[in-house]
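Hydrogens, waters and symmetry mates are skipped; everything else that's a heavy atom, side chains included, is used.
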Amino acid sequence: MTVVAPVVAPPERLGTSRMPDGRRLAWAEWGPADGIPVLLCPGGATSRRLGFGTEAVQALGVRLVSADRPGLGASDPAPGRTLADWPDDVCALAADLGPGLDGLRVVGCSQGVPFALACAARGIATATAVVSGGPDMTLMSAYLAPEIRAMVEAVAADPSAAEAAFAAGADAEAIWAMVTGSCAAPDRALFGTPSFAAAYREALAEGFAQGPSGYARDTVLTMGRWPFDVGGITGPVDLWHGGLDTSMFHSPESGAALAEAIPTARRHVVAEAGGLVLWTHGERILRELVGKVA
């Protein structure tokens, strides 16, 4: 399969913001500083450096901001953090980066999806894009693949032990092997392009710069019961899936279940795409998102 690799430009601006408790939250930016603000909640184990749609941000007038969650990349750890804490960090980040983040749109990809939905549920996202994501797994355990169900049950039984297990042996190479070893043909082709592979590997390496604890905490939070009700989200939500996505974590079918749970959801299935639809169709996702009026 021949694939034209999307442009994944390095960040135009990098920085850190101080949270109220003194922690640093690291961020990266692309596009005009006075553009329409869009916050990316990155996928599992990846850092702020892996943007998307970067070839289109100038034309669309988008200020794309990506933030490392606590313990990943260059963001300080926050022991015991929960999904409910992330909107607080986003509010503090928005306040630090200035009034230009008024009217914030939020994008969540894969493991970043519940973090984006936490912002939507809190009402701080005027519009949300959910890309390659699924619902609260604890609410659909009977429909999960056996290995995923086992992880969900382990988190429910003993979150601390599950977190330690997720951290054991987790590093950039292990995650690279996992995501490339069972992905759909369009994704394998994209991972096979030198430019995208290099950008993804760099984001993984930075994601694990402090070790595996940030990734392990994210995994426990995303596989445990979400502390918010997606049925109460009032802002517009676009759900994006690749029709060829074979992931056990975010199949098109799981996306359908999430769409049914969110009253404001609009579902998009890109027939020819896989799980990397955020990068293969980044401009389209951004264009839809910035056109939303909450």
Side-chain angles (χ1 to χ4, degrees), residues 10-54 57 61-131 203 206-207 209-210 213-215 217-218 221-222 227-228 233 235 237 278 286 289-290 292 294:
E12 297 172 23
R13 298 174 292 277
L14 290 170
T16 59
S17 295
R18 285 285 177 185
M19 300 293 99
D21 61 3
R23 286 180 295 113
R24 296 170 302 160
L25 195 77
W27 49 265
E29 285 192 341
W30 297 258
D34 60 350
I36 299 168
V38 175
L39 174 72
L40 171 63
C41 299
T46 57
S47 76
R48 57 183 170 160
R49 288 185 178 273
L50 189 63
F52 77 100
T54 56
V57 290
V62 166
R63 178 187 185 184
L64 178 64
V65 182
S66 180
D68 288 336
R69 291 186 288 277
L72 284 88
S75 287
D76 291 336
R81 64 185 169 96
T82 71
L83 279 173
D85 295 326
W86 180 242
D88 294 331
D89 281 357
V90 170
C91 287
L93 174 65
D96 184 61
L97 292 182
L101 260 64
D102 292 345
L104 182 67
R105 278 81 162 166
V106 179
V107 179
C109 178
S110 189
Q111 198 173 67
V113 162
F115 294 92
L117 289 175
C119 294
R122 183 76 67 86
I124 61 175
T126 60
T128 307
V130 167
V131 187
E206 187 174 63
Q210 301 181 63
S213 59
Y215 163 74
R217 186 63 182 170
D218 272 4
L221 297 183
T222 56
F228 53 85
I233 294 174
V237 179
L278 181 67
L286 279 175
L289 184 64
V290 300
K292 300 294 181 187

Please report the closest heavy-atom contact between [X] and [Y], naming both atoms and the distance.
X	Y	value
S110	G43	CB-CA, 4.4 Å
R13	G31	NH2-O, 2.6 Å
G53	L286	O-CD1, 3.9 Å
G80	D85	O-OD2, 4.4 Å
L64	G51	CD2-CA, 4.5 Å

key: Residue pairs fulfilling salt bridge (Lys or Arg N to Asp or Glu O under 4.0 Å) with at least one residue in residues 73-84, sequence neighbours excluded   = R24-D76, R81-D218
Donor-acceptor contact present, side-chain [X] to main-chain [Y], <3.5 Å:
X	Y	result
Q210	S75	yes
D89	W86	no
D68	A74	yes

For [X], what residues pass the side-chain contact (heavy atoms from CB on, under 4.5 Å) criterion, not counting sequence neighbours?
X	result
A95	none
S66	W30, L40, P42, R48
P10	none

Enter the distance from [X]:[atom1] to [Y]:[atom2] here, rounded to the nearest 0.5 Å.
X	Y	atom1	atom2	value
T46	L72	OG1	CG	8.0 Å
I36	L104	CD1	CG	12.0 Å
R105	C119	CZ	SG	14.5 Å
L25	D96	CG	CG	9.5 Å

If we only count heavy atoms from C-beta on, is the [X] to [Y] side-chain gap below 4.5 Å?
X	Y	value
L221	F115	yes
L278	V107	yes
P37	V65	no

task = Would you please name every residue forming a salt bridge (Lys or Arg N to Asp or Glu O under 4.0 Å) with D88, sequence neighbours left out?
result = R122
task = Quick one: list whatever passes salt bridge (Lys or Arg N to Asp or Glu O under 4.0 Å) with E12, sequence neighbours left out.
result = none
Of all residues at least two apart in sequence or in a different chain, which pass the side-chain hydrogen bond (donor to acceptor under 3.5 Å, both in side chains) check with [X]?
X	value
R18	none
W27	S17
E206	S47, R49

query = Of the options L289, V106, V57, which is the one that meets V38 in a side chain to side chain contact (heavy atoms under 4.5 Å, CB included)?
reply = L289
